[in-house]
Amino acid sequence: MTPPDEPTEPNASDMSLAELREEIEEIDQELVQLIARRTYVADTIARVKAEEDLPTTDEDQEDRVMERAGENAARFDVDSNLVKAIFRLLIELNKVEQRENR
């Protein structure tokens with residue numbers, strides 16, 4: 001059995017196109033749920049920053065997030081540029097939201 005933190009890849013020869021598309025739909029839903037969870041936590045961080053009068057941007061933290069993104073991309077053999085682009089977008093959207101709510 002594959003550990004839960006490692007992705008499992010469907011065997012294309014064992015699955016129909018409809019089954020593969022259903023798998024993609026499930027993954028897409030999980031991705032959106034994770035983005036919603038991340039956004040909720042980022043919003044909470046924004047409130048703490050506002051309460052403590054901390055700046056919206058924390059470049060050291062952003063660097064750590066990007067470094068982790070690259071490490072996780074390598075760990076799961078996913079294109080690092082793609083993963084980092086997604087995380088950069090998430091970070092930028094969170095910062096825009098923080099600025100608008102201050």
Side-chain angles (χ1 to χ4, degrees):
M1 183 172 201
T2 304
D5 64 338
E6 293 184 22
T8 57
E9 295 181 21
N11 185 342
S13 63
D14 294 339
M15 298 179 79
S16 69
L17 183 58
E19 290 171 324
L20 290 166
R21 287 180 173 159
E22 186 176 314
E23 180 81 8
I24 288 288
E25 281 184 43
E26 291 173 16
I27 293 167
D28 289 349
Q29 182 176 348
E30 291 172 20
L31 286 169
V32 172
Q33 288 173 333
L34 289 171
I35 290 168
R37 183 175 160 202
R38 189 183 196 286
T39 300
Y40 172 80
V41 174
D43 290 346
T44 304
I45 289 170
R47 286 194 297 276
V48 170
K49 285 180 176 181
E51 289 169 6
E52 296 182 9
D53 198 30
L54 296 171
T56 300
T57 301
D58 181 343
E59 291 181 17
D60 290 337
Q61 178 61 19
E62 290 178 29
D63 290 344
R64 287 189 294 274
V65 170
M66 296 306 289
E67 185 175 328
R68 278 194 315 265
E71 290 168 358
N72 283 321
R75 177 178 172 204
F76 292 107
D77 195 28
V78 178
D79 182 278
S80 178
N81 291 324
L82 171 64
V83 172
K84 287 181 178 182
I86 292 168
F87 275 84
R88 176 59 53 208
L89 179 60
L90 290 169
I91 289 169
E92 291 305 317
L93 291 172
N94 289 144
K95 290 192 309 190
V96 166
E97 182 79 17
Q98 285 181 40
R99 286 186 197 108
E100 289 176 354
N101 290 328
R102 279 210 172 188

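All values reported here derive from a predicted model rather than from experimental measurement. Residue numbers start at 1 and run along the sequence shown.
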Walk me through it: do Glu51 and Arg47 pass the test salt bridge (Lys or Arg N to Asp or Glu O under 4.0 Å)?
CA-CA 6 Å; Glu51 289 169 6; Arg47 286 194 297 276; 5.9 Å; no
Do Phe76 and Phe87 belong to the same hydrophobic cluster, where Ile, Leu, Val, Met, Phe, Trp and Tyr are linked whenever their side-chain heavy atoms lie under 4.5 Å apart, directly or via other members?
yes
Please indicate whether Arg21 has more than 12 foreign heavy atoms, meaning atoms of other residues, nucleotides or ligands, lying under 6.0 Å from its CZ.
no
Glu25 vs Gln29 side-chain heavy atoms within contact, under 4.5 Å:
no
Using the rule that Ile, Leu, Val, Met, Phe, Trp and Tyr join whenever any side-chain heavy atoms are under 4.5 Å apart, tell me whether Val83 and Met66 fall into a single cluster.
yes
Any heavy-atom pair between the side chains of Asn94 and Arg38 that's under 4.5 Å?
yes
About how many Å separate CD1 of Ile91 and CD of Gln98, when rounded to the nearest 0.5 Å?
11.0 Å
Evaluate the side chain to side chain contact (heavy atoms under 4.5 Å, CB included) criterion for residues Thr56 and Glu97: first the C-alpha distance (whole Å), next the side-chain angles of each, then the deciding distance (0.1 Å), finally the verdict.
CA-CA 10 Å; Thr56 300; Glu97 182 79 17; over 6 Å; no
CD/Glu59: more than 12 non-hydrogen atoms of other groups inside 6.0 Å:
no
How about Glu22: does its CD atom have over 12 heavy atoms from other parts shown lying under 6.0 Å from it?
no
If you group Ile, Leu, Val, Met, Phe, Trp and Tyr by side-chain heavy-atom gaps below 4.5 Å, do Tyr40 and Ile45 land in one group?
yes
Salt bridge (Lys or Arg N to Asp or Glu O under 4.0 Å), that's the test. Do Arg64 and Glu67 meet it? Break it down for me.
CA-CA 5 Å; Arg64 287 189 294 274; Glu67 185 175 328; over 6 Å; no
Can you list everything that forms a side chain to side chain donor-acceptor pair (under 3.5 Å) with Lys49? Sequence neighbours excluded, please.
none
Given Val96 and Leu93, is the side chain to side chain contact (heavy atoms under 4.5 Å, CB included) satisfied, shown in steps?
CA-CA 5 Å; Val96 166; Leu93 291 172; 5.6 Å; no
Rounded distance [0.5 Å steps], CD in Glu62 versus CD in Glu92:
6.5 Å
For the pair Arg68 and Glu71, find out whether any cationic side-chain nitrogen is under 4.0 Å from an anionic carboxylate oxygen.
no
Can you confirm whether Gln33 is buried at CD, in the sense that more than 12 heavy atoms of other residues, nucleotides or ligands lie under 6.0 Å from that atom?
yes
Taking atom CG as the centre, does Asp77 end up with more than 12 heavy-atom neighbours from other residues, nucleotides or ligands that are less than 6.0 angstrom away?
no
Does Val78 belong to the same Ile/Leu/Val/Met/Phe/Trp/Tyr cluster as Ile86, with side-chain heavy atoms less than 4.5 Å apart forming each link?
no
In terms of hydrophobic clustering (I, L, V, M, F, W, Y; side-chain heavy atoms under 4.5 Å; direct or indirect links), are Leu90 and Leu82 co-clustered?
yes
